[in-house]
**Q** 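Here it is: the structure, laid out below.
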Amino acid sequence: MGDVLPVGQKQLIYQSEKWVWLRRAYDEWTMAHGYRYIETPIVEEIDLFKRTSGETSDIVNKEMYLVRRSSQDGDEEKGFHLCLRPEGSAGVSRAVVEHGLARSASGLKFYYMAPMFRSERPQKGRYRQHTQIGAEVFKEESPAADVEVIALLYNFYRRIGLEQLELNINSVGDPNCRPAYREALIKFLEQFKDKMSEDSRARMYSNPMRCLDSKDRKDQELFADAPMMLEYLNEECSEHFAEVKMGLEKLGIPFTVNPRLVRGLDYYTKTAFEVLCKSLDGAIQTIGGGGRYDGLVELLGGPPTPAVGFGSGIERVLLALDSQNIEIPGYPAPRALIAYLDNGVKYDALKMAEELRSQGHAIEFVYRAKNLGKQLSHANKLGANFAVIVGGVEWERGEVSLKNLITRDERAVKIEDVSKILATAAGANSPML
RNA sequence: GCGGGAGUAGCUCAGUCGGUUAGAGCGCGGGAUUGUGGAUCCUGAGGUCGCGGGUUCAAUUCCCGUCUUCCGCCCCA
């Protein structure tokens with residue numbers, strides 16, 4: 001029996017340094033944009049996602065992990081009220097509403113890196129538990145926010161070395177212009193009612209826009225001449241979209257307008273976008289996506305609050321990096337290993353290691369060593385440049401033996417000088433002092 | 001949620017047409033070197049053959065279920 005919600009061992013165990021590296025890179029990048037880290041609960045009310053993603057969405061219908069809460073006397077409350085969150089935006093928006101943040105000053109910019117859960121058949125790049133990095137901007141209706149959010153995501157990918165990126169954008173309108181389009185689209189679809197795929201027929205009235213990105217070839221042919229949302233945008237949405245495009249051009253971010261791009265979630269308005277990485281297999285090329293969701297905060301009981309954001313699965317980002325053979329720095333090698341000649345000075349050595357660590361050095365230590373050779377061998381394996389050998393006559397004189405593992409030079413130094421020497425002897429090949 | 005392949009040591013994999021103590025390479029521990037490392041040689045540990053059930057005198061091997069994993073859908077990140 002494996003983990004209940006396996007993430008993929010290779011990501012978790014064998015590539016942990018890649019996760020650490022990616023997380024740091026994302027922290028740095030979002031902070032450079034002035035975003036603040038936010039953490040929201042993994043478990044949320046089911047209702048939150050029913051209201052935001054939509055009752056008819058696949059996420060709610062067949063991919064939700066339901067959680068039943070038990071009361072203290074052991075009786076289980078009837079029904080399922082809770083679930084493991086399937087995505088990030090709804091939870092952040094709920095937090096914004098609950099803490100009254102939407103009423104505070106502008107400049108509400110948040111980022112997160114957090115696990116998401118979807119109960120589906122696992123496959124490469126599609127896991128029941130996956131981790132998303134995301135960012136959300138609230139209280140900002142300017143297209144500049146859309147542009148910045150897209151730039152943050154796209155340039156993050158570039159920054160970590162990814163190539164073969166493709167940015168697709170679209171506008172899905174707003175509650176003012178979408179109803180007319182919806183009506184026109186349904187009218188168009190109805191003429192193919194008998195010919196279209198079952199999936200499309202099921203969605204035709206509940207979520208007709210989803211029919212447009214049907215993977216069914218026959219559907220694609222049938223719907224080739226379908227009316228597009230872009231043709232029905234009102235003046236406000238149209239101007240907004242134009243400014244987003246202009247902004248992206250100005251920032252030198254290449255994009256393609258894809259009128260069939262439809263986000264799976266109901267709360268998106270105006271801008272929708274996704275980033276593909278073409279070096280990945282087709283089914284998992286989408287590494288990030290998002291858009292504007294001006295109606296979400298109000299839907300959750302807050303004041304009308306425009307918002308824009310994205311989510312991106314880091315397991316896929318790591319796969320994308322792999323697919324392009326991009327080297328990621330591993331854990332840094334320790335600066336030195338503190339070795340001891342006999343157990344009598346073992347804790348003197350460990351104490352010295354702690355002191356050097358507190359002075360900013362990365363120090364290794366072997367808990368149980370039979371002889372010095374094993375310790376040096378270990379230092380070697382870890383890539384340490386120095387070994388500090390504690391014990392013997394040097395120790396009694398208040399000295400240790402400092403050995404450069406590259407040059408094999410070794411000499412006695414005063415204990416209080418070790419930190420300084422480790423700090424000044426810079427690179428692997430530089431001589432001691 | 002649907003269809004198909006796979007699961008044997010920490011890792012990569014052999015093998016068993018059902019039959020005594022299931023193997024290799026790498027990795028790991030110990031030694032040759034009792035205060036000096038990357039090579040070499042010697043040596044050792046490590047497996048309920050994914051889990052549960054069935055057939056059988058006997059199952060790691062055959063059958064069923066289940067979980068995990070990979071592939072194709074659905075969908076998405």
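This one's a predicted model, so the numbers in the text were calculated from it and none came from an experiment. The sequence lines fix the lettering, A, B, ..., with proteins before strands; numbering per chain opens at 1.
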**Q** For A/Arg159, check salt bridge (charged side-chain N to carboxylate O under 4.0 Å, His left out) against everything at least two apart and list the hits.
**A** A/Glu28
**Q** Could you pull out all residues at least two apart from A/Glu63 that satisfy salt bridge (charged side-chain N to carboxylate O under 4.0 Å, His left out)?
**A** none
**Q** Where the side chain of A/Lys124 is defined as all heavy atoms beyond and including C-beta, which of B/C75, B/A77, B/C70 is the nearest nucleotide?
**A** B/C70
**Q** Run the salt bridge (charged side-chain N to carboxylate O under 4.0 Å, His left out) test against A/Arg397 and tell me which residues pass, sequence neighbours left out.
**A** A/Glu399
**Q** For the base of B/A77, is there a side-chain donor-acceptor partner from A/Gln285 under 3.5 Å away?
**A** no
**Q** List in chain and number order the residues that pass ring-ring contact (aromatic ring centres under 6.0 Å, His included) with A/Tyr154, two or more places apart in sequence or in another chain; answer none if no residue qualifies.
**A** none
**Q** Is the ring centre of A/His378 under 5.5 Å from the base ring centre of B/G37, and are the two planes under 30° apart, so that they stack?
**A** no
**Q** In Å and rounded to the nearest 0.5 Å, what is the OH to OG1 distance from A/Tyr293 to A/Thr271?
**A** 12.5 Å
**Q** Give the residues of residues 159-169 of chain A touching RNA chain B, defined as any heavy atom closer than 4.0 Å, sorted by residue number.
**A** none
**Q** Please list, chain by chain and in numerical order, all residues satisfying ring-ring contact (aromatic ring centres under 6.0 Å, His included) with A/Phe192, sequence neighbours excluded.
**A** A/Phe188
**Q** Determine: side-chain N/O of A/Gln123 to OP1/OP2 of B/G72, distance under 4.0 Å, yes or no.
**A** yes
**Q** Can you name the residues that form a ring-ring contact (aromatic ring centres under 6.0 Å, His included) with A/Tyr26, not counting sequence neighbours?
**A** A/Tyr111, A/Phe156
**Q** Considering only residues two or more places apart or on different chains, which pairs with a residue in residues 388-422 of chain A satisfy ring pair (Phe, Tyr, Trp, His ring centres under 6.0 Å)?
**A** none
**Q** Could you work out, with salt bridge (charged side-chain N to carboxylate O under 4.0 Å, His left out) as the rule, every residue matching A/Glu354, not counting sequence neighbours?
**A** A/Arg357
**Q** OP1 or OP2 of B/U68 sitting under 4.0 Å from any side-chain N/O of A/Arg128?
**A** yes
**Q** Base, sugar-phosphate, or nothing for A/Gln132, non-hydrogen atoms under 4.0 angstrom?
**A** sugar-phosphate
**Q** Should the heavy atoms of other residues, nucleotides or ligands under 6.0 Å from NZ of A/Lys124 be counted, would the total exceed 12?
**A** no
**Q** Tell me whether the side-chain N or O atoms of A/Arg316 pair up with the base of B/C76 as donor and acceptor below 3.5 Å, since no angle test is needed here.
**A** yes
**Q** For A/Phe49 and B/A77, what is the distance between atoms CZ and P respectively, to the nearest whole Å?
**A** 13 Å
**Q** Using heavy atoms to find the nearest nucleotide of RNA chain B for A/Ser119 and A/Ala283 separately, return the residue whose nucleotide is more 5′.
**A** A/Ser119
**Q** Expressed in angstrom and rounded to an integer, what is the separation of A/Asp213 atom CG from B/C76 atom P?
**A** 7 Å
**Q** Roughly how many Å apart are B/G10 and B/A45, using the P atom of each and rounding to a whole number?
**A** 15 Å
**Q** Quick one: the dot-bracket string of RNA chain B, using Watson-Crick and G-U wobble pairs with both distances under 3.5 Å, [ ] for crossing pairs and | for bases paired to another strand.
**A** (((((((..((((.....[...)))).(((((.......))))).....(((((..]....))))))))))))....
**Q** A/Phe110: what forms a ring-ring contact (aromatic ring centres under 6.0 Å, His included) with it, not counting sequence neighbours?
**A** none
**Q** When all nucleic acid strands are considered with a 4.0 Å heavy-atom cut-off, which category describes A/Asp342: base, sugar-phosphate, or nothing?
**A** nothing
**Q** Using ring pair (Phe, Tyr, Trp, His ring centres under 6.0 Å) as the criterion, point out the one residue from A/Tyr367, A/Phe365, A/Tyr347 that pairs with A/Tyr340.
**A** A/Phe365
**Q** Identify each atom pair where a protein N or O and an N or O of nucleotides 30-36 of chain B are less than 3.5 Å apart, giving names and distance.
**A**
unit_1, atom_1, unit_2, atom_2, d
B/G35, O6, A/Val393, N, 3.4
B/G35, N1, A/Glu394, OE1, 3.3
B/G35, N2, A/Glu394, OE2, 3.4
B/U36, O2, A/Lys403, NZ, 3.0
B/U36, N3, A/Glu410, OE1, 2.8
B/U36, N3, A/Glu410, OE2, 3.1
B/U36, O4, A/Glu410, OE2, 2.4

**Q** Within this structure, what is the CD-to-P distance between A/Glu120 and B/C76, rounded to whole angstrom?
**A** 10 Å
**Q** So what does A/Leu405 touch, heavy atoms closer than 4.0 Å: a base, only the sugar-phosphate, or nothing?
**A** base
